[in-house]
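Only one structure is covered here, and it is reproduced in the block below.
Just so we're on the same page: letters track the sequence lines, and every chain starts at 1.
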Number of protein chains: 2
Amino acid sequence: MKNPNVNKQRVERPKRILEAASRLSTHYGFDKTTVDEIAKEAGVSKGAIYLVWPGKEELIDALIEFEMKKVVLDLRTRIIDDQTNDSMAALYRHTLLAIQHNPLVSALYTRNGKVLGDFVHRQDPERYTKRLLMSKESVAAMQSAGLLREDHSPEVITYVFSLLALGFLSISSVIPEQNAPPIESTVEAIAAMVESGLTQKGGSRKLIKESALQMLDLMIEQYENRGTNDN
Amino acid sequence: MKNPNVNKQRVERPKRILEAASRLSTHYGFDKTTVDEIAKEAGVSKGAIYLVWPGKEELIDALIEFEMKKVVLDLRTRIIDDQTNDSMAALYRHTLLAIQHNPLVSALYTRNGKVLGDFVHRQDPERYTKRLLMSKESVAAMQSAGLLREDHSPEVITYVFSLLALGFLSISSVIPEQNAPPIESTVEAIAAMVESGLTQKGGSRKLIKESALQMLDLMIEQYENRGTNDN
DNA sequence: ATTTGACCAAAATCGTATAATTGGTCAAAA
DNA sequence: TTTTGACCAATTATACGATTTTGGTCAAAT
């Protein structure tokens, strides 16, 4: 406790382990990645992992949360950095790209069995069906704020957002990337479609960015609280 | 040859076999369905099947063509019957519903391994990636005719059409149907989105229907020619 | 001239004994 | 006190022979 380096080392260790697990899992899948390999990759012993989590299952849980948080943080900076275009389209575009940029979350979303393995599926199927896209509630809130059209129910809009993302993320396995147009133009077209088809004209651009960031900060806060808790 | 019933019986038999194969394959998948079972279900002997096709592989090929043709015919009647709404939105809506209505084609589109089995994947992967949705060429033609927006390339629009359909068809495996909004409202929202996001305002409604039917008739003709050929 | 179904070789499946791997533990080292 | 890694039980992979299933054939029946 005297040496702050030791303390820092200790609090950063779970993170290092998760990063190792992330690297290996994206490459070989959850099932094919062993606890031993993760330990080796993280430069710690196997026992050290069991000092943090009671079992591999809980490690995977933590890994998924970790990756989801990374995506949310990535999305946050994408939105903040983009100062030229505070539109609903831009918001959705950044969301798609942020998810696509993260292989594990992408696999989780598309239910890619190769990466997820049987591991994740064995449990109750609902467990990993966490919402990354806007929730029904957020959509409803945005409708009230005059940002999204109100002639579709929040359920339907949320559903369309999801299916659009799913299609975007899975299409590469049907149409090989070499036959596909550049991602940028695709995302651009999707975003434009969402903009003209689902948003309310004349909504405050400032409000869009604000409420999006508010939503994300809430999610980040939730991740942080959960991470602090026992597990 | 004297009795016309015999002749009719003969020409209809391949169809009966395909229908039997269709029934069994949608239920058990290609792999789990045996040639013998198909013969039993169709009320013919196994040899009779080999009188029509040289092997199971060719039977599956024929089955897929058969189902695709069914979808195209279904789509055709949907479009013709819908006299109230000759919009691009309606066209796309009918397409989605027609595909979704056919389990085999739906499985082919979403690459559902349970139904397709290893059988279809063993071959060159391109083989069964036939376009059902509008081709690049059709899209380009519709752009020239002022029906689709020209600020996206034909490739991008085709790609977005595909990914949207893929998302629509696969979402049920991620979000269970009980948690989903009614299909009608979903399709409605998607169609509205396509309409406002990808179509050119002021395009002739008559032209939309006309060119759609023209395209479908061309496809049907192609199926018919192929069916007449040797195999 | 057609159609059938018993028949066959090849492939898939099953049963199982053996070997290798892996999640998890804990006495010992640091 | 904290961390490690040899160790173990249990699960999973492998090998392989026996058994069943299945795609495909063809002499016989219709």
Side-chain angles (χ1 to χ4, degrees), chain A residues 1-18 20-21 24-25 27-63 113-114 116-123 231, chain B residues 1-18 20-21 24-25 27-63 113-114 116-123 231:
Chain A
M1 284 288 193
K2 300 285 168 58
N3 185 348
N5 258 345
V6 169
N7 194 24
K8 190 186 173 193
Q9 188 96 356
R10 182 165 329 139
V11 297
E12 299 235 320
R13 207 155 69 157
K15 197 174 165 187
R16 283 229 320 281
I17 295 170
L18 288 176
L24 294 173
S25 295
H27 208 77
Y28 305 106
F30 290 152
D31 281 348
K32 303 288 173 194
T33 310
T34 68
V35 179
D36 229 2
E37 283 170 343
I38 296 172
K40 284 271 180 10
E41 174 85 8
V44 298
S45 73
K46 186 156 62 153
I49 288 179
Y50 287 88
L51 249 36
V52 184
W53 298 280
K56 195 187 180 185
E57 194 174 313
E58 286 79 5
L59 170 62
I60 301 279
D61 282 353
L63 173 58
K114 181 90 182 304
L116 267 51
D118 297 333
F119 202 92
V120 177
H121 287 275
R122 259 199 293 277
Q123 348 245 30
N231 69 342
Chain B
M1 283 291 195
K2 302 282 170 58
N3 184 348
N5 258 344
V6 169
N7 194 23
K8 189 186 172 193
Q9 189 94 357
R10 182 165 331 139
V11 297
E12 299 234 320
R13 208 156 68 156
K15 199 174 165 186
R16 284 230 319 283
I17 294 171
L18 288 175
L24 294 173
S25 295
H27 208 76
Y28 305 106
F30 291 151
D31 282 348
K32 303 287 171 194
T33 309
T34 69
V35 179
D36 228 0
E37 284 170 341
I38 295 173
K40 285 270 181 12
E41 175 84 9
V44 298
S45 74
K46 187 156 65 154
I49 289 180
Y50 286 88
L51 248 36
V52 184
W53 298 278
K56 194 186 181 185
E57 195 173 314
E58 286 81 5
L59 169 61
I60 301 279
D61 282 352
L63 173 58
K114 181 86 183 304
L116 268 50
D118 297 333
F119 201 91
V120 177
H121 287 274
R122 258 200 294 278
Q123 348 244 31
N231 71 342

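- Applying the side-chain contact (heavy atoms from CB on, under 4.5 Å) criterion to A:Ser45, with sequence neighbours excluded, gives A:Ala48.
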Protein heavy-atom contacts under 4.0 Å, written 5' to 3' over nucleotides 20-26 of chain C as B (base), S (sugar-phosphate only) or - (none), form the string --SBBB-
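- Note: A:Asp61 CG to A:Trp53 CH2 = 11.0 Å, rounded to the nearest 0.5 Å.
- When rounded to the nearest whole Å, the span between CH2 of B:Trp53 and P of C:dT3 equals 13 Å.
- The number of heavy-atom neighbours closer than 6.0 Å to OH of B:Tyr28, taken from other residues, nucleotides and ligands shown, is 12 or below.
- In this structure, the separation between NZ on B:Lys56 and OG1 on B:Thr34 is 7.0 Å, given to the nearest 0.5 Å.
- OP1 or OP2 of D:dT3 lies within a sub-4.0 Å distance of a side-chain N or O belonging to A:Arg13.
- A straight line from CD1 of A:Ile38 to P of D:dT4 spans 15 Å, rounded to a whole angstrom.
- Regarding B:Ile60, its CD1 atom lies at a distance of 14 Å from the P atom of D:dT22, rounded to whole Å.
- To the nearest 0.5 Å, the span separating NZ on B:Lys46 from CD1 on B:Ile38 amounts to 11.0 Å.
- Judged by distance alone, with hydrogens and angles left aside, the side-chain atoms of B:Asp31 form a donor-acceptor pair with the main-chain N or O of B:Asp118 at under 3.5 Å.
- The shortest non-hydrogen separation linking A:Lys32 to A:Glu37 is O-OE1, 3.6 Å.
- Inter-axis angle, ends of the helix from C:dA1-D:dT30 to C:dA30-D:dT1, five pairs per end, rounded to 10 degrees: 30°.
- Rounded to the nearest 0.5 Å, atoms CZ (B:Arg16) and CZ (B:Arg13) are 7.5 Å apart.
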